[in-house]
Amino acid sequence: MIDPKILKENIQSCKDNLAKRGYSLDDEKFLSLENQRKDLQTRVEDLQSQKNKLSKNFGELKKSGQSTDVLALELEEIKSQTTDLEKTLSALQIEISFFLMDIPNLISEDTPTGTSEDDNKLIEEYLKPQVLKSDSHLDITDQISLELGNKLSGSRFSVLKGNVAKLHRSLCTYMINQAINNGYEETYVPYIVNYDALEGTGQLPKFEEDLFKLSNDQYLIPTAEVPLTNLFRDQIVDQDLLPIKLTAHTPCFRSEAGSYGKDTNGLIRLHQFDKVEIVQIVKPQDSDKALGEITSHAKSVLEKLELPYRVVQLCSGDVGFSASKTFDIEVWMPSQEKYREISSCSNFSDFQARRSKIRFKENGKNHFVHTLNGSALAVGRTLIAVIENNFNKKLKLINIPKELQNLMDADIIEL
RNA sequence: GGAGAGAUGGCAGAGUGGUCGAAUGCGCUGCCUUGGAAAGGCAGUAUACGGGCAACCGUAUCCGGGGUUCGAAUCCCCGUCUCUCCGCCA
């Protein structure tokens, strides 16, 4: 969430910033709630202070055997006033907290203004696509089955077989090794998390419909960002440990509510997909640099796999709820004849840190850290890209990128 | 699944109705001591919100929620989590 103090003191500039996203901040409501809260809180605390003092007197009178009748009446009076006000105050605090939790992060100054992905800014392109057009991965190999996925689970699930399954596994291993080489600590985490974790990273309360909820009020993770970042929830991290760099390979589960009819063919958009995530937790002044680092780590995986990609910076209307600045990396998908997102690298500034209370102490004062993460990469989509960009229709084979040949024990997949 | 124990500050661990935001130890920070270091001595060291230029003051917080009481870390109820033993099991 946004710092309520900043919001209060710079309400107009916050409102303008959020408007670029298409979020209309009800500033009058906020200020009025805040003023009410402050007024009420002062009154409640005054009463509590009186109550505490009189209670102390009460004890002393009792000890010395004097009458407490007068005091008792006075206390009763204060108490009845207090409880009412306390209830109002806590209701108000909850209302304010909901209000704040609903507001997206402020976008960075250098985020281009725009309303949709059409306004995203092209940053760079790497490699000219060799295969401009190809069959879909589903047509290239019969070792990917959506029918079996459907049989077992429903729509948007897949089953991989044989060398394609092995290629998928090799990609996971390759990517996590790359992350480790880049200084991230490999971490194994739960795939099921609680409400607080999801609130901390910003998925809840607003985006519950995007998640798979279990019957016991836990949720399947939509990304490893959630468990990795929340490892530090409610903690004051030793500043010598910063920057913290973690990676995990996990499946990700997304309900894809609201994407009916979108990307219905193939592995592009499934309820379950694997991803290697890299996360950094840094001091505020280092976060912009860290975003560059994360992005280049994600890019380097594509470069080593010799896949053509481009980098775009998301415009204000396309940046996610919790992020302040985001670069998307898009890989060339020959069957679609266009670039598709394969990684999203974001700086969340102190937004997640404030929600999940991740702080560090410097010069005796506590400060919120900055959190960042990026996919390096989405494995399913990488699999598609490898298959389609290395497909040789004449010879009926898929060339395996050099970097993966060891893990695959082969340099081609015969079809 | 059965039986029991527990949840207190960065950590360990006291505290069973008021003087407790909390002993003590460890850790950490500063100063003294030293040629320098170690050891030792002294002092400081939870979080959030509100007020104040500040020193500082007020309020809340001892897993969460409710209750008893003038007053709760402490007593009662409900919940969550953790641990131990037995059973089962990847």
Side-chain angles (χ1 to χ4, degrees), chain A residues 1-9 30-101 188-200 204-205 213-219 227 230-242 244 251 281 350-369:
Chain A
M1 69 191 217
I2 303 175
D3 185 350
K5 269 183 202 153
I6 290 181
L7 201 55
K8 214 165 159 180
E9 285 160 22
F30 174 68
L31 290 178
S32 130
L33 286 173
E34 255 301 295
N35 289 334
Q36 280 179 61
R37 192 215 93 234
K38 195 169 164 177
D39 175 56
L40 203 55
Q41 186 170 334
T42 320
R43 279 159 63 200
V44 166
E45 288 182 1
D46 277 350
L47 285 168
Q48 286 170 329
S49 173
Q50 278 184 56
K51 192 185 84 178
N52 287 342
K53 275 185 196 135
L54 294 182
S55 287
K56 243 175 223 180
N57 291 345
F58 190 101
E60 282 157 15
L61 286 181
K62 231 176 178 175
K63 228 181 227 172
S64 61
Q66 293 175 283
S67 159
T68 53
D69 295 357
V70 180
L71 251 191
L73 279 176
E74 209 172 326
L75 271 159
E76 205 176 316
E77 172 63 23
I78 289 177
K79 207 178 161 189
S80 74
Q81 284 181 44
T82 315
T83 43
D84 279 357
L85 288 182
E86 276 172 346
K87 270 179 199 156
T88 320
L89 177 63
S90 87
L92 198 54
Q93 278 166 333
I94 288 167
E95 194 180 351
I96 290 172
S97 145
F98 264 95
F99 186 90
L100 289 171
M101 283 299 202
Y188 175 80
V189 291
Y191 306 153
I192 294 173
V193 293
N194 57 29
Y195 187 98
D196 291 348
L198 287 155
E199 188 180 61
L204 288 176
K213 187 179 189 176
L214 306 179
S215 57
N216 57 355
D217 287 344
Q218 294 174 319
Y219 299 81
N230 275 283
L231 287 172
F232 303 94
R233 180 154 49 94
D234 289 323
Q235 238 186 280
I236 299 170
V237 237
D238 190 342
Q239 61 163 326
D240 297 338
L241 296 178
L242 301 175
I244 292 167
I281 295 178
D350 60 2
F351 189 83
Q352 295 181 325
R354 182 167 287 106
R355 286 179 161 239
S356 44
K357 301 188 180 66
I358 308 172
R359 290 150 297 174
F360 70 101
K361 199 184 278 287
E362 195 171 51
N363 300 323
K365 273 194 150 184
N366 292 327
H367 308 274
F368 289 109
V369 298

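- Formation of a donor-acceptor pair under 3.5 Å by the A/Arg354 side chain with backbone atoms of A/Met1 is found in this model.
- Here B/U47 sits opposite B/A60 as a Watson-Crick or G-U wobble pair (both hydrogen-bonding atom distances under 3.5 Å).
- The CG-C1' distance, from A/Leu47 to B/A60, rounds to 15 Å in whole Å.
- Following rounding to the nearest Å, A/Asn194 (CG) and B/G64 (C1') show an atom-to-atom distance of 13 Å.
- The same atom, C1', is picked in B/A12 and in B/G18; the two are 28 Å apart, to the nearest Å.
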(message) Walk me through whether A/Tyr195 and A/Leu204 qualify under side-chain contact (heavy atoms from CB on, under 4.5 Å).
(response) CA-CA 7 Å; A/Tyr195 187 98; A/Leu204 288 176; 3.5 Å; yes

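- Where A/Val44 and A/Ile236 meet RNA chain B, the nucleotide closest to each residue was compared, and A/Ile236 sits on the side nearer the 5' end.
- For B/C31 and B/A38, the P atoms lie 13 Å apart once the distance is rounded to whole Å.
- Across every strand in view, B/U33 sits unpaired, with no contact that passes the Watson-Crick or G-U test at under 3.5 angstrom.
- For B/U74, there is no paired nucleotide, since no Watson-Crick or G-U wobble pair has both relevant distances below 3.5 Å.
- Remark: P of B/G58 and NZ of A/Lys53 are 7 Å apart, rounded to the nearest angstrom.
- Pairing for B/U19 is absent, judged as Watson-Crick or G-U wobble with the two contacts each under 3.5 Å.
- Remark: C1' of B/C81 and CD1 of A/Ile192 are 17 Å apart, rounded to the nearest angstrom.
- Of the P atoms belonging to B/G67 and B/U74, the separation is 14 Å, rounded to the nearest Å.
- Judged by distance alone, with hydrogens and angles left aside, the side-chain atoms of A/Asn35 form a donor-acceptor pair with the main-chain N or O of A/Leu31 at under 3.5 Å.
- Between the side chain of A/Arg233 and the main chain of A/Ala353, no donor-acceptor pair closer than 3.5 Å is present.
- For the pair A/Phe360 CZ and B/G10 C1', the interatomic distance rounds to 17 Å; values are reported in whole Å.
- Looking at heavy-atom distances under 4.0 Å, A/Asp46 makes no contact with the nucleic acid at all.
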Show the distances under 3.5 angstrom between N or O atoms of the protein and N or O atoms of nucleotides 48-50 of chain B.
| residue | atom | partner | partner atom | Å |
| --- | --- | --- | --- | --- |
| B/C49 | O2' | A/Gln41 | OE1 | 3.3 |
| B/C49 | O2' | A/Gln41 | NE2 | 2.6 |

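- Note on A/Asn52: every side-chain N or O is 4.0 Å or more away from OP1 and OP2 of B/G18.
- How far CG of A/Leu241 is from CD of A/Gln235: 9.0 Å, rounded to the nearest 0.5 Å.
- Shown here, B/C83 forms a base pair with B/G4; the pair counts as Watson-Crick or G-U wobble because both key distances fall under 3.5 Å.
- Atoms CG (A/Asp234) and C1' (B/G10) sit 14 Å apart, rounded to a whole Å.
- Using P as the reference atom, B/A23 and B/G9 are 13 Å apart when rounded to the nearest Å.
- Taking every heavy atom of both residues into account, A/Asp234 and A/Arg359 meet most closely at C-NH2, 4.3 Å.
- Here the shortest heavy-atom pairing between A/Ile192 and A/Leu214 reads CD1-CD1, 3.6 Å.
- Distance OH (A/Tyr195) to C1' (B/G64): 16 Å, rounded to an integer number of Å.
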Sequence neighbours excluded and cut-off under 3.5 Å, please list the side-chain donor-acceptor pairs for residues 47-55 of chain A, or say none.
| residue | atom | partner | partner atom | Å |
| --- | --- | --- | --- | --- |
| A/Gln48 | NE2 | A/Glu86 | OE2 | 2.8 |
| A/Asn52 | ND2 | A/Gln48 | O | 3.4 |
| A/Ser55 | OG | A/Lys51 | O | 3.0 |

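- Nucleotide B/C53 forms no Watson-Crick or G-U wobble pair with any nucleotide shown, as no partner meets the under 3.5 Å limit on both distances.
- Shown here, B/G9 forms no base pair; nothing in the strands shown gives a Watson-Crick or G-U wobble contact with both key distances under 3.5 Å.
- Atom CG in A/Asp196 sits about 17 Å away from atom P in B/C63, given to the nearest Å.
- B/C11 sits 26 Å from B/G66 when the P atoms are compared, rounded to a whole Å.
- At most 12 heavy atoms of other shown residues, nucleotides or ligands fall within 6.0 angstrom of atom NZ in A/Lys56.
- Separation of the C1' atoms belonging to B/C81 and B/U68 is 26 Å when rounded to the nearest angstrom.
- Here, B/C83 and B/A48 have their C1' atoms 31 Å apart, quoted to the whole Å.
- More than 12 heavy atoms of other residues, nucleotides or ligands sit less than 6.0 Å from atom CD of A/Gln239.
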Polar atom pairs between nucleotides 70-80 of chain B and protein, under 3.5 Å, N or O only, would you list them?
| residue | atom | partner | partner atom | Å |
| --- | --- | --- | --- | --- |
| B/C70 | O2' | A/Ser55 | OG | 3.1 |
| B/G71 | OP1 | A/Lys79 | NZ | 3.4 |

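- Distance noted for atom P between B/C26 and B/G40: 9 Å (whole Å).
- Note on A/Lys361: only backbone sugar-phosphate atoms sit closer than 4.0 angstrom, heavy atoms only; bases stay farther off.
- More than 12 heavy atoms of other residues, nucleotides or ligands lie within 6.0 Å of NZ in A/Lys8, so this atom counts as buried by the packing criterion.
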